[in-house]
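Throughout, a chain's letter reflects where its sequence line sits, starting with A, and its residues are numbered from 1.
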There are 2 protein chains.
Amino acid sequence: MEKNNSTLERILDEGRHLIQKYGYNGFSYADIAEIIGIKKASIHYYFPTKQELVRAVLQRYNKEFLNNLYQIDQQFSDPLDKLKSFFLLYRRTLENDSKICLCSMMAAEISSFPEEIRDDINRFFLDNQKWIEKVLAQKNASDDSSFSDSLSEQSRLLLTFVQGAQLLVRASGEIDQYDTMVNNLLKTL
Amino acid sequence: MEKNNSTLERILDEGRHLIQKYGYNGFSYADIAEIIGIKKASIHYYFPTKQELVRAVLQRYNKEFLNNLYQIDQQFSDPLDKLKSFFLLYRRTLENDSKICLCSMMAAEISSFPEEIRDDINRFFLDNQKWIEKVLAQKNASDDSSFSDSLSEQSRLLLTFVQGAQLLVRASGEIDQYDTMVNNLLKTL
DNA sequence: TATATTCTACCATTTAGTAAGTAAGTCATC
DNA sequence: GATGACTTACTTACTAAATGGTAGAATATA
């Protein structure tokens with residue numbers, strides 16, 4: 001998945017991992033430098049300030065995530081399969097050293113960021129919701145079940161669920177809970 | 001609600017607010033000192049280390065929250081009213097300077113804490129879930145609707161929802177979303 | 001007087017960030 | 001094909017401020 005080619009890409013990768021694990025206020029340039037074996041100043045060469053770094057990390061993440069959703073669309077035609085893959089996407093983050101979605105973490109820390117970064121975070125959630133909504137529309141079309149809630153509201157509920165599930169699983173440390181909750185949620189659809 | 005009596009209580013109150021807004025890694029002793037108009041060293045007099053402080057804040061919060069749930073039980077008899085008050089409890093946190101639940105924030109930052117603090121965080125969620133489960137049991141008893149999901153699983157879904165909703169509302173900055181989502185959720189019960 | 005509380009003054013370390021230098025590569029020109 | 005100008009990618013060495021934390025003096029309060 002991650003090639004860790006250039007120094008720049010390694011900085012972005014490790015920066016992302018550290019934020020997902022410890023948060024924006026919980027990591028330093030020194031942490032990244034030590035992990036990838038370069039000097040602090042080399043990171044400043046690519047990203048003069050910490051906020052510039054985190055913004056690059058964020059935009060890269062959003063792009064990659066959208067690409068993942070696109071891949072799911074390509075791979076599956078059944079809406080339910082798409083939703084399952086969506087939840088699996090979030091599960092993989094939890095599996096991997098018990099991290100959480102970058103934007104979940106940054107949403108919690110949002111008071112530490114300027115408006116441009118806040119906008120990027122919010123856009124991530126909007127894009128997620130829009131994608132879910134599209135899948136639900138596809139599902140409703142091929143289905144006989146119709147919902148009273150608008151698709152927009154229903155997709156927001158699903159997104160809300162997956163965001164909250166991450167926090168609970170992180171608190172308990174038991175990833176099996178995630179599977180159980182996802183299964184219970186899918187039953188209600 | 002908060003009397004801000006003694007110095008110790010003011011330290012705990014402001015510590016809590018700062019964590020809810022910026023996270024454990026996002027505030028310092030100097031911040032608290034400046035806000036309540038004392039010197040850093042005075043905080044160390046009460047709480048020698050930052051982790052001791054945050055642990056005291058956490059345990060106080062958990063106790064207060066349980067007390068809030070107890071108050072709800074006293075005030076309402078209808079299970080649905082109880083649930084609405086539960087969601088209102090979380091809403092009040094969002095209203096107040098757009099903070100989130102202390103344990104939501106600390107769950108995100110959980111990798112920064114030793115096991116004893118992690119346990120306290122997890123216990124908060126378990127207590128929440130248990131309370132919801134009790135309310136759902138009461139609701140099912142007085143109701144004709146029966147659910148296929150176990151009450152345990154269903155209560156976890158509700159808790160998951162309210163945790164995720166906080167993150168989304170924080171990202172968008174629009175608290176009305178919270179009300180809409182809660183209403184949509186209550187419709188499904 | 002004794003005890004609890006708060007302060008001044010410090011410490012070592014870490015923080016984000018800067019300045020200046022260096023080694024290696026690119027590239028046009030003679 | 002060698003020379004010099006410029007660029008890229010990094011390092012060493014530093015700074016000022018902030019961090020959590022401590023020792024001991026000063027001040028209340030009982």
Look at the side-chain N and O atoms of B:Thr7 and state whether any lies under 4.0 Å from the OP1 or OP2 oxygen of C:dT5.
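So the side chain of B:Thr7 is outside the cut-off, no N or O lying under 4.0 Å from OP1 or OP2 of C:dT5.
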Least distance between heavy atoms, B:Arg170 atom then A:Glu109 atom:
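Between these two residues, the closest heavy atoms are NH1-N, 4.3 Å.
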Nucleotide [N], atom [atom2] - distance to [atom1] of [X] in whole Å:
| X | N | atom1 | atom2 | result |
| --- | --- | --- | --- | --- |
| A:Lys39 | C:dA16 | NZ | P | 16 Å |
| A:Arg10 | D:dA9 | CZ | P | 14 Å |
| B:Ile11 | C:dT6 | CD1 | C1' | 11 Å |

Is any side-chain heavy atom of [X] closer than 4.5 Å to a side-chain heavy atom of [Y]?
| X | Y | result |
| --- | --- | --- |
| A:Phe125 | A:Gln163 | yes |
| B:Arg60 | B:Glu9 | yes |
| A:Asp120 | A:Phe124 | no |
| A:Val54 | A:Ile19 | yes |

On the ring face of B:Tyr45, is B:Lys39 found with NZ or CZ under 6.0 Å from the centre and within 45° of the axis?
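Because its charged atom misses either the 6.0 Å distance or the 45° angle limit, B:Lys39 does not stack over B:Tyr45.
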Can you confirm if the aromatic rings of A:Tyr90 and A:Phe65 lie within a centre distance of less than 6.0 Å?
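Judged by ring-centre distance (under 6.0 Å), A:Phe65 and A:Tyr90 do meet the cut-off.
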So if I take residues 18-38 of chain A and measure heavy-atom distances to DNA chain D, which residues fall below 4.0 Å?
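A:Ile38 - these, ordered by number, are the residues of the stretch whose heavy atoms sit under 4.0 Å from the strand.
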Interface with DNA chain D, restricted to residues 42-52 of chain A and to heavy atoms under 4.0 Å:
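Hits under 4.0 Å, by residue number: A:Ser42, A:Tyr45, A:Tyr46.
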Distance-only donor-acceptor check, side chains B:Glu52 and B:Thr49, under 3.5 Å
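Distance-only check passes for B:Glu52 and B:Thr49.
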